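Notes follow once the structure below has been shown.
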Amino acid sequence: MKENLQKYFPEISGAILGILLAFCFIGLGFFKTIFVIVMLVVGALVGHYGPLLKNLKNK
C-alpha cells in the first residue's frame, strides 16, 4: 500500500487539489476563488522571501 501511495502521489495530490478547487469555484464563485488563490501565492512568496529580506536589511 505504501509503495502505491509513493508511486502515485502526484496523481493523488493533483486529484485532491482539483476537487478542492472545484468546491471553491462552486461555493465561492469564480472571482472570490481567484482572489483566494492570488492571496495564497502572495502569502507564500512573503513567507519565503521575508526572512531573506530581513537578512539583507541587517547587513
Side-chain angles (χ1 to χ4, degrees):
M1 177 72 179
K2 192 171 184 176
E3 297 90 22
N4 283 340
L5 183 61
Q6 289 176 346
K7 182 178 178 183
Y8 296 111
F9 183 74
E11 290 86 357
I12 293 169
S13 61
I16 291 170
L17 185 64
I19 200 156
L20 287 174
L21 192 60
F23 282 134
C24 284
F25 276 117
I26 291 170
L28 296 175
F30 179 77
F31 291 108
K32 289 182 182 177
T33 300
I34 297 300
F35 177 74
V36 168
I37 292 170
V38 168
M39 290 296 110
L40 185 127
V41 169
V42 168
L45 289 173
V46 168
H48 180 74
Y49 289 113
L52 297 175
L53 293 175
K54 284 183 181 178
N55 288 339
L56 288 176
K57 199 178 217 184
N58 291 334
K59 288 185 179 181

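Worth knowing before you read on, the calculation uses all heavy atoms, side chains too, and leaves out hydrogens, waters and symmetry mates. Heads up: numbering here begins at 1 and tracks the sequence. Because the structure is predicted, anything quoted here is derived from the model rather than measured.
Connection of Tyr49 to Val41 is established within a shared hydrophobic cluster, with ILVMFWY side chains joined at heavy-atom distances below 4.5 Å, either directly or through further cluster members.
Grouping Ile, Leu, Val, Met, Phe, Trp and Tyr by side-chain contacts under 4.5 Å, direct or through others, puts Ile34 with Leu21, Phe25, Phe30, Phe31, Phe35, Ile37, Val38, Met39, Val42, Val46. Grouping Ile, Leu, Val, Met, Phe, Trp and Tyr by side-chain contacts under 4.5 Å, direct or through others, puts Phe23 with Ile19.
Every residue meeting the side-chain contact (heavy atoms from CB on, under 4.5 Å) condition with Ile16, not counting sequence neighbours, appears here in chain and number order: Ile12, Leu20.
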